[in-house]
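See structure below.
Letters A, B, ... mirror the listed sequences (proteins, then strands); counts begin at 1.
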Protein chains: 2
Amino acid sequence: MSLITEPVASFSPLYEQIKALLLASLQSSEWLPGAPIPSEMELAARYAVSQGTVRKAIDELSAQNLLVRRQGKGTFVATHQEEGGQYRFLSLEPDSGQPFHLKNQFLACKTLQSDAYIADLLEINGGDLIIQIERVQCISGRPTVFEEIWLPEELFRGLSLESLNAWSDPVYALYEAKYSTHMVRAEEKIKAVLADAAISIHLQLPVGSPLLSVERVAFTYGDKPVEIRRARYDTSEQHYGNKLN
Amino acid sequence: MSLITEPVASFSPLYEQIKALLLASLQSSEWLPGAPIPSEMELAARYAVSQGTVRKAIDELSAQNLLVRRQGKGTFVATHQEEGGQYRFLSLEPDSGQPFHLKNQFLACKTLQSDAYIADLLEINGGDLIIQIERVQCISGRPTVFEEIWLPEELFRGLSLESLNAWSDPVYALYEAKYSTHMVRAEEKIKAVLADAAISIHLQLPVGSPLLSVERVAFTYGDKPVEIRRARYDTSEQHYGNKLN
DNA sequence: TAGTGGTCTAGACCACGGA
DNA sequence: CCGTGGTCTAGACCACTAC
C-alpha cells in the first residue's frame, strides 16, 4: 500500500509514517494516558499495512516510553498516574540504597508575568502569564529539595496552593488528571552551587553549604516545553544517579 | 531449530540465545572493537535460525551500543577509537552550547595496594595492586576537571605517566588499544561538594568553591567493573547535561 | 554487479490474561 | 475459550557501499 499522499512524513519508511500517525492520535488526545490503543491487527487494518509494520512502529514508541505493551492485555498510553507514587524523572537516590519516601510541602503558588528567561524556555511571549510554585521535599523528615516550578498559565489555569497540597502523588500525575497534559521527556542541566540565605532557611542548612542545582525543562507531545524547574538538592545523604551507555 | 541443549540462556526466546552467543564472541575477543562481525545471513546459517531472528538479536545489541550497524557495509563491534576524540561518557557541556576541546594533563600514575573501598567496587581482594592516576582537564585554558582514576593492576600492567601523556585521545581508546579492554557502560553518582585545599590548587579556585563530585564505575563485557573514577568539576561555566525519558 | 543492512509481507505458532 | 502481544519463519524487494 501507499501512504505517500498523506501530509505527514511522506517520503520515509512505512513504519515511520505509522509512527507519525500514532503520535498524532496521542497528541490529539484520541487516546488518553492509561487507556488502551487499538490492537496491532486493528491498526494494521486501519492503515492497510501488515501487522509487522505496525509492530515496529509501536516498538519504537514504547522504547521512548510513549506507549506501554502488556502481553495478553494490549498496548496502553503511558501515564504518570498508576505508577504507584513513583517519580519517573527523579534521579535522586539515598547513598544507602534504601527505598525512600518523599514528602511534599508546597509553599506558594502565584500567577505573575513571565520574565524573558522563562518565556524563552517555555516558548511563550515575554510578559505572558505564568504560574510560579515553590515547594520543599523531605526525606525521612529532613528537608532535602527546594524547588521552583514555572508553568504557562494558559495551560494550567486555576492551579492553586490548596489543590497542590491536597495532591499526594507526583505533580506530573496532577498535570495529567486535571490539565490533560502528559510529560513525555525532560532535559536537565546540573551544577554545584552554594546555599544562599533564603535556601539555607528552607533546607535548614548553613549559608554556603554545597547544593546541587538541577534545572529542568519538561516537554509534552510534539516536543512542546510546558514546565520549567529550578531545584536545589542537599546531597549530603543523597546523590543524583545516572547511567551511561 | 533448537538450541536448548546449549549451556547459555537455555529456556528463553531464540533471539535471546543468539544474543548470548554474540555476547560470548564479543567477550572472548573473537571479534575485536572496530572489526566487522559476520553478516546476518552468515550468522543465520551458523546458528541455524532465520535471518530475522539474528536481526532482532543484533538490533538489541546495537541499541545497547555494543554493536554498530552500517547500511551497505556490515555490522561492527563498537569502539571508543574512531570516534574522533569524542568522549562518549562525558556529560559535561559548556553553558554557551559552543563546541569545546578538553586538554589533558596527567599528574601522576602510581601502583599501590587497594583499600577496601576501591577493592569492593572493582570486585577484587583488598590489598590487591591497583593503578592510581591523577589528571587535570582544561577547557579553553581554564582547569575545569580534577580526576582520580583507579584500575586493577592485573589488567593494566605497565601503564605509565609517560604513556598517558603521550596519548591525546580519550583514555578509553587507550584501554582498548593497549590493554584489550573495551568499556561498555558506566554508572555515575553525583553530589555537590566544597573545594578543599588540594583541589583548589589544581583547579585554581578559592577553597570552599562549589564543585560537582562525579563518582563513576565503568564496566566491560559481562558487567565486570574495571575502572573507578572520582572527579571534581568546576561548573561555573559548564554544566552536567542529562536527558530523561 | 555483488554483498550488506533495511523494509515489508503473510502466515504459523506460542505465552499470557481474562471471561 | 478467545484475544492480546511475542516469536519465528521464508521470501521479496529496496538502499547503500564498494569494487
Spacing of A:E42 atom CD relative to D:dG3 atom C1', expressed in whole Å: 10 Å
Those residues that, when tested against B:Y172, pass ring-ring contact (aromatic ring centres under 6.0 Å, His included) (two or more places apart): B:H80, B:F89, B:Y175
Length of the CD-P vector between B:E40 and C:dT7, whole Å: 11 Å
Results of salt bridge (Lys or Arg N to Asp or Glu O under 4.0 Å) for B:E147 - residues two or more places apart only: B:R135, B:R229
Phosphate OP1/OP2 of C:dC16 contacted by A:R70 side-chain N/O (<4.0 Å): no
Within residues 27-39 of chain B: residues closer than 4.0 Å to DNA chain D (heavy atoms): none
Length of the CZ-P vector between A:F76 and C:dG17, whole Å: 12 Å
ring-ring contact (aromatic ring centres under 6.0 Å, His included) partners of residues 48-72 of chain B, not counting sequence neighbours, each pair once: none
Salt bridge (Lys or Arg N to Asp or Glu O under 4.0 Å) involving B:E82 - partner list, sequence neighbours excluded: B:R70
Separation of D:dT9 C1' from B:M41 CE (nearest whole Å): 12 Å
Candidate list B:K103, B:Q238, B:H101, test side-chain contact (heavy atoms from CB on, under 4.5 Å), partner B:I139, passing option: B:Q238
Residues from residues 53-68 of chain A lying under 4.0 Å of DNA chain C - heavy atoms: A:T53, A:K56
Separation of atom CD in B:E16 from atom C1' in C:dC14, rounded to whole Å: 16 Å
Partner set under salt bridge (Lys or Arg N to Asp or Glu O under 4.0 Å) for B:R88, not counting sequence neighbours: none
Side-chain donor-acceptor distances from residues 33-44 of chain B under 3.5 Å, at least two apart:
unit_1, atom_1, unit_2, atom_2, d
B:S39, OG, B:E42, N, 3.2
B:E40, OE1, B:Q51, NE2, 2.7
B:E40, OE1, B:R55, NH1, 3.2
B:E40, OE2, B:R55, NH1, 2.7
B:E40, OE2, B:R69, NH1, 2.9
B:E40, OE2, B:R69, NH2, 3.3

Option from B:T220, B:V217, B:I124 for which side-chain contact (heavy atoms from CB on, under 4.5 Å) with B:P225 holds: B:V217
Salt bridge (Lys or Arg N to Asp or Glu O under 4.0 Å) partners of B:E237, counting only residues at least two apart: none
B:D95/A:K191 ion pair, N-O < 4.0 Å: yes
Axis-to-axis angle between the two ends of the helix from C:dT1-D:dA18 to C:dG18-D:dC1 (five base pairs per end, rounded to 10 degrees): 10°
Salt bridge (Lys or Arg N to Asp or Glu O under 4.0 Å) contacts touching residues 170-184 of chain B (sequence neighbours left out): none
Closest non-hydrogen atom pair, B:P94 against B:F100: CD-CD2, 3.7 Å
Side chain of A:T75 (C-beta onward), nearest among C:dT7, C:dG6, D:dG5: D:dG5
N or O in side chain of A:Y15 less than 4.0 angstrom from C:dT7 OP1/OP2: yes
Nucleic acid footprint by protein, nucleotides 10-17 of chain D - heavy-atom cut-off 4.0 Å, B for base, S for sugar-phosphate alone: -----BBS
Residues B:E30 and B:R46 bridged, charged N to O under 4.0 Å: yes
